[in-house]
Amino acid sequence: MAGMKEQQFTEEKPLLPEQRGVDSDMETFDQLMPVGDWKEHDVETPYGMLHVVIRGAPKGNKPAILTYHDVGLNHKLCFNSFFSNEDMQEITKHFVVCHVDAPGQQIGASQMPQGYQYPTMDQLASMLPTVVQHFGFKSIVGIGVGAGAYILAKFALIFPDLVEGLVLLNIDPNGKGWIDWAATKLSGLTSALPDTVLPHLFSQEELMNNTELVQSYRQQINNTVNQFNLQLFWNMYNSRRDLEMNRSGSVINAKTLKCPAMLVVGDNAPAEEGVVECNSKLDPTNTTFLKMSDSGGLPQLTQPGKLTEAFKYFLQGMGYIAYVKDRRLSGGPVPSASMTRLARSRTASLTSAGSIDGSRSRACTHSDSTEGVGPITHTMEVSC
């Protein structure tokens, strides 16, 4: 970080829909973000401009929550349902939240010039230290989906000291083989771009049933994301290389994520095999694998409540959260939200036999004493 040259911001801009000329199709998404809470920034990085939306300011040594969306989406389409969940707001109000849009993917983005060379996946990851530096973040807890999960994992591999934890939905650590690459190219020649991208985002069952969510996102992707820019991002994602990580002891000089990670995938999601493969490459003592039933391809849209609860446990395991007010509890005192960082020696034990939702046989124990307790342990797999 010491050798990084100084960069500049443009003036920060409050998110006012009437100033941006947002399409009426996005009114629902705008309503999920209270006007005045979020501010837009354009951040100049060594590999081009990044559009960033931020709420709050760095709070002591707490990490920022930084998100990165999937291809075909942007921070609004990917994360608004999740971050507007009431219990999620109870968590995030104690952190600075930073949404990053891949170059040219934000609503209202200008079309990239002809001949523009879109950043590689490695370069997209290498743009993030500039964001961290200029906002004054000490570190981040990343939440990424699909392409965004790949980018955040790459970021953590290159800059491990800047990442304290990762929640990775639908991550595929493998590059495309020639057959898959050819199939994608052929699909692009015979189908409109949104219909090419949708099978990457949604399960076959969702697509066959043409659910309201699929219909809505087909329209949103077509109307609110610049199609030329999307094609560039889509092409680059499909040209990605394997993430160079392997579980310790599996190969010589194995390198893997050093931070706690929670892998999330929906039942029968298109990314299921890739997420399972990623789990096999991570340290099992530092990784939780969450397969969510009845959630389709994008669990943060279809099951935001379950994912919020999983995220709460994840932060508890990292020692950043003691109690979060649960609006579903009634009668008697409810512990107030406390985000003062707890000692990392707190016990956090998650057992794999249970469910996050329902019976709560997934045990989560947290001792208020920081003396004589063992290290944090995480399980490999939890189904809910």
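When a residue number appears, it is its place in the shown sequence, counting from 1. Because only heavy atoms are used, hydrogens play no part in the values below, and waters and symmetry mates are left out as well, while side chains stay in.
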Hey, is the main chain of Pro173 close enough, under 3.5 Å, to the side chain of Arg240 for a donor-acceptor pair? no
Given 3.5 Å as the limit, does a donor-acceptor pair link the side chain of Gln303 with the main chain of Asp294, or not? yes
Option passing ring pair (Phe, Tyr, Trp, His ring centres under 6.0 Å) with Phe233 (candidates Tyr68, Tyr118, Tyr116): Tyr118
Give a yes or no answer on whether the side chain of Gln227 reaches the backbone of Val225 with a donor-acceptor pair at less than 3.5 Å. yes
Per side-chain contact (heavy atoms from CB on, under 4.5 Å), Thr256 is matched among Leu157, Asn286, Leu282, Leu243 by Leu282
Under the 3.5 angstrom rule, does the side chain of Asn229 hit a backbone N or O of Ser110 as a donor-acceptor pair? yes
Please find the pair of heavy atoms, one from Glu206 and one from Gly297, that lie closest to each other, and give the distance. OE1-N, 2.9 Å
On a heavy-atom basis, the closest approach of Gln89 and Ser84 is NE2-O, 3.3 Å
So Val132 and Phe155, do their side chains get closer than 4.5 Å, heavy atoms only? yes
Using atom types as modelled and distance alone, determine if a side-chain donor or acceptor of Asn222 lies under 3.5 Å from a backbone N or O of Arg218. no
If you look at every heavy atom in Cys98 and Val131, which pair is closest and at what distance? SG-CG1, 4.0 Å
Do the side chains of Glu309 and Asp87 get nearer than 4.5 Å, heavy atoms only? no
Correct closest heavy-atom pair for Pro299 and Asn170 would be CD-ND2, 4.4 Å
Report yes if the side chains of Leu73 and Leu201 come closer than 4.5 Å at any heavy-atom pair, otherwise no. yes
Kindly assign one of parallel, tilted or perpendicular to the pair Tyr237 and Tyr150, based on the angle between their ring planes and the thresholds 30° and 60°. perpendicular
Flag if over 12 foreign heavy atoms under 6.0 Å of CZ, Phe228: yes
Atom of Leu50, atom of Met127 and distance for their closest heavy-atom approach: CG-CE, 3.7 Å
Gln215, CD atom: more than 12 neighbouring heavy atoms under 6.0 Å: yes
For Cys78 and Gln300, run side-chain contact (heavy atoms from CB on, under 4.5 Å): C-alpha distance rounded to whole Å, both residues' side-chain angles, the deciding distance at 0.1 Å, then the answer. CA-CA 8 Å; Cys78 194; Gln300 80 278 14; 3.5 Å; yes
Does a side-chain heavy-atom distance below 4.5 Å link Asn238 with Val71? no
Any sub-3.5 Å donor-acceptor pair from Thr288's side-chain atoms to Met262's backbone N or O? no
Are more than 12 heavy atoms, taken from residues, nucleotides or ligands other than Glu205, located less than 6.0 Å from that residue's CD atom? no
Counting only N and O atoms by type, is there a donor-acceptor contact under 3.5 Å from the side chain of Asn74 to the main-chain atoms of His69? no
Do you know the tightest heavy-atom contact between Gly104 and Asn226? O-CB, 4.4 Å
Relative to the ring of Phe79, is the ring of Phe83 parallel (under 30°), tilted (30 to 60°) or perpendicular (over 60°)? perpendicular
Going by heavy atoms in the side chains, are Thr302 and Met292 under 4.5 Å from each other? no
Between NZ on residue Lys258 and CG on residue Asp283, distance to nearest 0.5 Å: 12.0 Å
Determine the sole option in His75, His41, His51 for which the ring pair (Phe, Tyr, Trp, His ring centres under 6.0 Å) test with His99 is passed. His75
Can you tell me how far the CG atom of Leu307 sits from the CG atom of Leu290, to the nearest 0.5 Å? 7.5 Å
Note, Met236 side chain near Pro119 side chain (heavy atom, < 4.5 Å): no
Could you go through the side-chain contact (heavy atoms from CB on, under 4.5 Å) check for Cys278 and Met245 one step at a time? CA-CA 9 Å; Cys278 186; Met245 60 183 188; 3.5 Å; yes
Taking the side chain as every heavy atom from C-beta outward, state whether Phe311 and Val141 have any atom pair closer than 4.5 Å. yes
Which word best sums up how the rings of Phe137 and Phe135 line up, parallel for under 30°, tilted for 30 to 60°, or perpendicular for over 60°? parallel
Worked check of salt bridge (charged side-chain N to carboxylate O under 4.0 Å, His left out) between Lys291 and Glu272: CA-CA 9 Å; Lys291 181 186 284 188; Glu272 185 175 0; 2.8 Å; yes
Taking the side chain as every heavy atom from C-beta outward, state whether Glu44 and Met49 have any pair of such atoms under 4.5 Å apart. yes
First locate atom CG of Asp122, then atom CD of Glu244, and finally report the distance between them rounded to the nearest 0.5 Å. 8.0 Å
What is the distance from atom CG of Leu168 to atom CG of Leu257, rounded to the nearest 0.5 Å? 7.0 Å
Looking at Asn268 and Ser203, would you say the former's side chain and the latter's main chain have a donor-acceptor pair under 3.5 Å? no
For Leu207 and Val214: C-alpha separation, side-chain torsions, deciding distance, then whether side-chain contact (heavy atoms from CB on, under 4.5 Å) applies. CA-CA 7 Å; Leu207 294 172; Val214 170; 4.0 Å; yes
Would you say Asn279's side chain and Val275's backbone share a donor-acceptor pair under 3.5 angstrom? no
Can you tell me how far apart CD1 (Ile158) and CG (Leu128) are? Round to the nearest 0.5 Å. 9.5 Å
Nearest 0.5 Å please: distance from the CG atom of Asp101 over to the NZ atom of Lys76. 9.5 Å
May I have the step-by-step check of side-chain contact (heavy atoms from CB on, under 4.5 Å) for Asn174 and Lys281, ending in yes or no? CA-CA 11 Å; Asn174 301 318; Lys281 296 175 179 290; 4.2 Å; yes
Any donor-acceptor pair under 3.5 Å linking the side chain of Gln105 with the backbone of Pro103? yes
